[in-house]
2 protein chains.
Amino acid sequence: MSGLTIGRLAEATATKVQTIRYYETIGLLTPFTRTEGGHRLYDRKDQKRLTFIRHARELGFPIEAIRELLSLSDNPQTSCERADDIARRRLDEVEQRLTRLKALQKELKRMVAECGHGRVCDCRVIEVLSDHRLCQASH
Amino acid sequence: MSGLTIGRLAEATATKVQTIRYYETIGLLTPFTRTEGGHRLYDRKDQKRLTFIRHARELGFPIEAIRELLSLSDNPQTSCERADDIARRRLDEVEQRLTRLKALQKELKRMVAECGHGRVCDCRVIEVLSDHRLCQASH
DNA sequence: CTTGAACCTCTAGTGACTAGAGATTGTAGG
DNA sequence: CCTACAATCTCTAGTCACTAGAGGTTCAAG
């Protein structure tokens, strides 16, 4: 009997069993076959595909982008312009988030640093939250 | 007739009408009264409360944390230790995300930079996604 | 008194999983 | 061959913080 069970595949790719099944329901990853009893069986190709999916997810690509990247990957002769495009868009997003998070970090740091550890009525954390004008960074 | 309608409150706080209603269903913000016909009416205190909520959301505090911060704010004589704690936890989260996003940024930048704009079979984007070992940063 | 904007409630959808119930299958040991 | 029991199956619902829309009612201006 060749093929990995869903449990083994989950182990091999550090993915939860339910997640793998979820990818099947949304049409991202179908097991190459099933046992007579209905258990899923995956082959090496499936495993590679899942690795690709997980890696892209780790980099924060949304499922729909991954769907497109997979279909590009399945057609190696096509131009890689779209892949490039998708990656660049993701990079833009990441950079926007970075900018925002840095502003948040600054503000939170200041709030925490200025808290005198006394009562709520004197608390800088509560005070700043009540009044945006007390913020220095824009967020 | 005193008080703001939901629409005016929405305008004043740059919040969507539905979002304000949502905050009511989860018990975060109740209008101080209603018209005979059932329309919500908000007062200044409600507006301040919503401002607090929105500001905290902008800083990424989850609703449950905001609920607690609000109740602290309503009891100014209590110690601000918890408020401090919540803010510090949020700061930790933000810093963790920053670290991760910086790693993603690095990896995506490299992917995009190394793409030769040719065919998919030679595409660095696709190649890196297929094989995590090609990544330099851990993510 | 009419018009039409603003409001009402209720339900369902988003993204990417995650959790659990209740039933079936696979496999190792006896 | 039988028995445990782990692993798997399907199906449904929950997560978070909204967002969108249907279908109906109220309010304010003219």
Side-chain angles (χ1 to χ4, degrees), chain A residues 1-42 46 50 52-70 86 89-90 93 97 100 104, chain B residues 1-42 46 50 52-70 86 89-90 93 97 100 104:
Chain A
M1 180 97 49
S2 73
L4 294 159
T5 63
I6 196 168
R8 299 254 178 264
L9 180 64
E11 237 176 294
T13 59
T15 309
K16 298 206 173 162
V17 166
Q18 295 106 305
T19 304
I20 298 175
R21 286 200 279 248
Y22 168 69
Y23 289 155
E24 186 174 347
T25 68
I26 61 169
L28 268 198
L29 180 72
T30 312
F32 89 107
T33 190
R34 297 234 184 179
T35 65
E36 277 188 20
H39 287 199
R40 292 164 177 85
L41 286 178
Y42 299 89
D46 295 333
L50 181 54
F52 186 104
I53 294 168
R54 294 306 291 172
H55 194 190
R57 285 293 303 130
E58 273 174 32
L59 288 164
F61 288 95
I63 296 282
E64 287 318 305
I66 295 173
R67 203 188 292 283
E68 199 175 342
L69 288 168
L70 280 167
I86 291 170
R89 187 160 317 157
R90 176 66 192 141
E93 267 176 37
R97 283 223 193 159
R100 190 176 144 73
L104 298 194
Chain B
M1 181 97 47
S2 72
L4 294 160
T5 63
I6 197 168
R8 298 253 180 266
L9 180 64
E11 236 176 295
T13 58
T15 308
K16 299 208 171 159
V17 165
Q18 295 107 304
T19 303
I20 299 175
R21 286 200 278 250
Y22 167 70
Y23 289 155
E24 187 175 347
T25 68
I26 61 169
L28 267 198
L29 180 72
T30 313
F32 89 107
T33 190
R34 296 238 184 175
T35 64
E36 278 187 21
H39 287 200
R40 293 164 177 86
L41 285 178
Y42 298 89
D46 295 334
L50 181 53
F52 186 105
I53 295 168
R54 293 306 290 175
H55 193 189
R57 284 295 300 131
E58 273 173 31
L59 287 164
F61 288 95
I63 295 282
E64 287 317 304
I66 296 174
R67 203 188 291 282
E68 200 174 342
L69 288 168
L70 280 168
I86 291 170
R89 187 159 319 157
R90 177 65 191 140
E93 266 176 38
R97 282 221 195 163
R100 190 175 142 73
L104 298 194

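Values below: every heavy atom of this structure, side chains too, minus hydrogens, waters and symmetry copies. The sequence lines fix the lettering, A, B, ..., with proteins before strands; numbering per chain opens at 1.
- In this structure, B:Ile20 places its CD1 atom 13 Å from P of C:dT9, rounding to the nearest Å.
- Closest approach to the B:Ile63 side chain among D:dA17, D:dA7, C:dA16 is made by D:dA17 (side chain taken as heavy atoms from C-beta onward).
- Taking 4.0 angstrom as the limit, B:Tyr23 places none of its side-chain polar atoms (N or O) nearer than this to OP1 or OP2 of D:dA17.
- Taking a 6.0 Å sphere around CZ of B:Arg34, one finds it holds more than 12 heavy atoms contributed by other residues, nucleotides or ligands.
- Among the nucleotides D:dT10, D:dT26, D:dA17, the one closest to any side-chain atom of B:Tyr22 is D:dA17.
- B:Arg8 places its CZ atom 11 Å from the C1' atom of D:dA28, with the value rounded to the nearest Å.
- Closest to the side chain of A:Gln18, from the set C:dA19, C:dT9, D:dT19, is C:dA19.
- For the pair A:Glu36 CD and C:dG26 P, the computed distance is 8 Å after rounding to whole Å.
- Between B:His39 and B:Thr5 there is no side-chain heavy-atom pair separated by less than 4.5 Å.
- Picking from D:dT8, D:dC18, D:dT19 the nucleotide with the shortest atom distance to the side chain of A:Ile6 gives D:dT8.
- At whole-Å resolution of the value, CG in B:Leu59 and C1' in D:dA17 are 16 Å apart.
- A pairwise comparison of heavy atoms in A:Arg40 and A:Pro31 identifies CG-CG, 3.7 Å as the closest pair.
- Between B:Arg34 and A:Glu64, the residue anchored closer to the 5' end of DNA chain C is B:Arg34, taking for each the nucleotide with the nearest heavy atom.
- When rounded to the nearest whole Å, the span between CZ of B:Arg67 and P of D:dA17 equals 10 Å.
- Phosphate proximity of D:dC9 to A:Arg40: present, with a side-chain N or O under 4.0 Å from OP1 or OP2.
- Considering only side-chain N and O atoms, B:Thr19 lies under 4.0 angstrom from the phosphate OP1 or OP2 of D:dT19.
- Between B:Gly38 and A:Phe61, the one whose closest nucleotide on DNA chain C sits nearer the 5' end is B:Gly38.
- Per the geometry, CG belonging to B:Leu41 stands 14 Å off C1' belonging to D:dA28, to the nearest Å.
- Nearest-nucleotide mapping onto DNA chain D: of B:Thr5 and A:Tyr42, the residue sitting toward the 5' end is A:Tyr42.
- Neither OP1 nor OP2 of C:dT9 sits under 4.0 Å from any side-chain N or O of B:Arg21.
- Annotation for A:Thr30 and A:Asp46: closest pair O-OD1, 3.5 Å, computed over non-hydrogen atoms.
- In this structure, the side chains of B:Leu59 and B:Arg90 stay at 4.5 Å or more apart for every pair of heavy atoms.
- The two residues A:Ala10 and A:Val17 come nearest to each other via the heavy atoms CB-CG2, 3.8 Å.
- Protein atom CD1 of A:Ile53 is 13 Å distant from nucleotide atom C1' of C:dA16, rounded to whole Å.
- A sub-4.0 Å separation between OP1 or OP2 of D:dA20 and a side-chain N or O of B:Lys16 is present.
- Computed from coordinates, the B:His39 NE2 to C:dA5 C1' distance equals 11 Å when rounded to whole Å.
- At C:dC17, one or more side-chain N or O atoms of A:Arg54 fall inside 4.0 Å of OP1 or OP2 (strictly under the cut-off).
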